[in-house]
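Protein chains get the first letters and strands the later ones, always in sequence-line order, with residue 1 at the start of each.
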Amino acid sequence: MYLKRLEIFGFKSFAEKTEIQFSDGISAIVGPNGSGKSNISDAICWVMGEQSIKNLRGSKLEDVIFAGSEKRKPLGYAQVSLVLDNSDGYLPLSYSEVVITRKFYRSGESQFLINNNECRLKDIQELMLDTGLGKEAYSIISQGKVDEILNSSPEQRRLIFEEAA
Amino acid sequence: MYLKRLEIFGFKSFAEKTEIQFSDGISAIVGPNGSGKSNISDAICWVMGEQSIKNLRGSKLEDVIFAGSEKRKPLGYAQVSLVLDNSDGYLPLSYSEVVITRKFYRSGESQFLINNNECRLKDIQELMLDTGLGKEAYSIISQGKVDEILNSSPEQRRLIFEEAA
Amino acid sequence: EKNFLETISKVKANFSLIYGQLFEGGRAELVLTDEDNPLEAGIEIIAQPPGKKQQHLSLLSGGERALTAIALLFAILRVKKSPFSILDEIDASLDEANVRRFADFLKKHAPSGQYIIITHQKATMSAADALYGVTMEEAGVSKIISVKFDEEGREAV
Amino acid sequence: EKNFLETISKVKANFSLIYGQLFEGGRAELVLTDEDNPLEAGIEIIAQPPGKKQQHLSLLSGGERALTAIALLFAILRVKKSPFSILDEIDASLDEANVRRFADFLKKHAPSGQYIIITHQKATMSAADALYGVTMEEAGVSKIISVKFDEEGREAV
Ligand SMILES: Nc1ncnc2c1ncn2[C@@H]1O[C@H](COP(=O)(O)OP(=O)(O)OP(=O)(O)O)[C@@H](O)[C@H]1O
Ligand SMILES: Nc1ncnc2c1ncn2[C@@H]1O[C@H](COP(=O)(O)OP(=O)(O)OP(=O)(O)O)[C@@H](O)[C@H]1O
Ligand SMILES: [Mg+2]
Ligand SMILES: [Mg+2]
């Protein structure tokens with residue numbers, strides 16, 4: 001299983017509908033300071049069910065929606081879709097392609113979809129947890145946090161390993 | 001006033017007596033990971049009176065003494081001398097050159113000197129405080145800590161500014 | 001439980017191996033704080049860069065700590081496969097030589113799986129199969145340009 | 001007290017100026033949380049990179065935050081002179097263009113005083129008057145090689 005495509009629209013600095021086709025293997029994301037690289041990582045965390053706005057460097061929920069620029073108005077919602085290639089059946093769903101979508105409106109309304117079927121946030125979070133994806137599974141390391149694993153106490157570290165096992 | 005020379009012996013990775021002649025102006029310290037650059041910064045903090053071993057990345061006081069390597073035995077003490085050019089009379093001492101020395105033995109014994117006259121740690125700390133030197137005065141920024149100033153609360157920041165004024 | 005002990009022992013073996021590869025020597029280990037009580041014990045990290053004496057992790061340099069953490073990360077990934085990993089500037093503290101070692105390791109020995117790695121380092125970029133450039137031609141608006149490296153050479157998409 | 005208000009107002013002016021120089025545009029300000037109670041008020045930082053909308057500092061990128069902090073550091077140093085500053089890898093998060101801007105600023109406009117700056121960045125090294133190389137020819141033992149740049153060119157010491 002791998003991350004086939006990411007579609008971002010209205011999420012943080014992605015004012016324009018943006019599609020990123022990822023290849024299996026090693027992809028490097030590069031660009032100047034402030035261009036939006038870590039925002040891509042945030043988009044992936046967010047669509048996978050991240051609930052703490054602090055973990056997305058925000059202070060209020062609507063911080064994930066494009067706030068506008070000097071030339072552009074703010075947008076009304078943020079939407080991210082994660083397209084996973086599931087031809088190896090890694091995800092416990094009978095689709096060879098699984099699309100997870102999350103939408104958040106300024107009104108505070110949220111929408112969650114798995115393969116275009118509405119679901120709850122919980123369903124997405126559980127799907128991700130069952131398949132060992134996300135920050136707890138070491139699959140996402142945020143900027144400035146690489147040596148965080150060295151800072152935990154021996155006991156905390158055991159808990160982390162227990163979950164990983 | 002400026003930092004004229006630093007003499008390090010037995011402090012952290014400086015197993016050999018080392019002298020660094022600094023010029024007034026901009027000096028860049030470069031070298032591979034783990035070579036000892038930040039240890040130089042630690043040596044300067046330490047000789048200026050830093051008391052918290054945590055702020056020097058250690059866990060016990062004797063962590064500042066050269067602990068040995070695969071080929072070398074540990075040393076018995078750490079010593080750092082900071083030579084300050086005082087021809088402009090910036091420091092309230094009647095010397096054109098002021099040497100601050102700190103020595104720490106594995107036994108836990110400490111020695112402090114200003115121009116080779118024994119003094120207390122307190123004397124060194126007060127001298128540094130009066131002349132606005134050290135971490136509180138923004139003159140020392142540790143590795144990984146540059147944006148720390150952005151993290152303080154508005155109230156904390158005011159306190160910092162009050163001390164700076 | 002048995003699963004946990006097995007996982008720990010595999011990560012342990014891989015961590016020591018990968019550390020030695022990334023540091024080109026030295027040694028590191030995961031150590032249980034209580035060998036007689038493995039299911040309750042905490043997990044300590046012991047690390048000793050080549051030629052140096054074993055010391056508290058906190059005394060290691062910024063770059064040494066980053067490389068040690070990278071070794072542990074890869075050890076875990078090798079044992080507990082993750083379909084994809086998103087790594088945001090994990091090479092930021094590494095000097096030129098260490099970035100090259102990291103990039104080589106990534107290219108030749110990284111645990112199988114998809115890696116999406118954000119970086120400013122050229123050596124890390126050269127280890128990638130595909131490059132995605134993020135720009136802000138229009139201030140405040142992110143845009144992506146994708147460049148794939150394949151057998152025939154670069155091909156802008 | 002009067003001293004404090006004067007200090008704040010000078011740092012404020014310098015911060016806005018230096019931010020504009022380092023970011024080549026944009027704006028930033030120090031703002032009192034309570035204008036009517038300046039001696040008790042907290043100090044907020046407002047920062048807006050060129051062309052972007054003003055947002056919470058936490059949303060800024062790693063490099064933008066570092067450059068903003070550098071602008072504030074220099075603003076404080078310009079007002080409250082420090083005989084010397086020790087700066088350990090403050091340019092670590094900056095991309096190539098920003099490292100160059102930082103290095104240029106350091107060379108041409110940095111507040112007077114002595115700077116001892118630890119760096120891995122070539123542009124920052126080229127702004128220096130003297131270079132000190134730290135090496136470990138013998139594992140675990142630091143050694144210093146000093147190279148001075150003066151009007152006649154490099155001269156190893
Ligand atoms: N809701 C939002 N609306 C508009 N812009 C936003 C929003 N949230 C964040 N941004 C902007 O996104 C930019 C940060 O992007 P990001 O953190 O992805 O940068 P980066 O490419 O990782 O840079 P660096 O190399 O410095 O880490 C900031 O300038 C910030 O103002
Ligand atoms: N008491 C000690 N005895 C011997 N070696 C020590 C002692 N304390 C620290 N060290 C060693 O000093 C090294 C760290 O040095 P330092 O932090 O100065 O590196 P650095 O040059 O700043 O590297 P980086 O570029 O990665 O930040 C570590 O390898 C550590 O083991
Ligand atoms: Mg980033
Ligand atoms: Mg360092």
Highest number of heavy-atom pairs under 4.5 Å with chain A: which of D:G63, D:G62, D:A66, D:S58? D:S58
In terms of heavy-atom contacts, does CD of A:E126 have more than 12 from other residues, nucleotides or ligands at under 6.0 Å? yes
Does atom NE2 of D:H56 have more than 12 heavy-atom neighbours, drawn from other residues, nucleotides or ligands, at distances under 6.0 Å? no
Let's test your reading of the structure: which of A:G144, A:G36, A:S38, A:A67 forms the most heavy-atom pairs below 4.5 Å with chain D? A:A67
Heavy-atom closest pair (D:K53 atom, A:P74 atom, distance to 0.1 Å) is NZ-CG, 3.6 Å
Looking only at heavy atoms and a cut-off of under 4.5 Å, which of D:L60, D:L57, D:L59 has the most pairs with chain A? D:L59
A:D63 versus D:Q55: any side-chain heavy-atom pair under 4.5 Å? no
Backbone N or O of D:D95 within a donor-acceptor pair of the A:N33 side chain at under 3.5 Å? yes
For D:G51 against A:S69, the heavy-atom pair lying closest together: O-CB, 3.5 Å
More than 12 heavy atoms of other residues, nucleotides or ligands under 6.0 Å from CG of A:N116: is that the case? no
In terms of heavy-atom proximity below 4.5 Å to chain D, should A:K37 be classed as side chain, backbone, both, or neither? neither
Do A:E70 and D:Q48 come within less than 4.5 Å of each other through their side chains, counting heavy atoms only? yes
Does NZ belonging to A:K103 count more than 12 external heavy atoms closer than 6.0 Å? yes
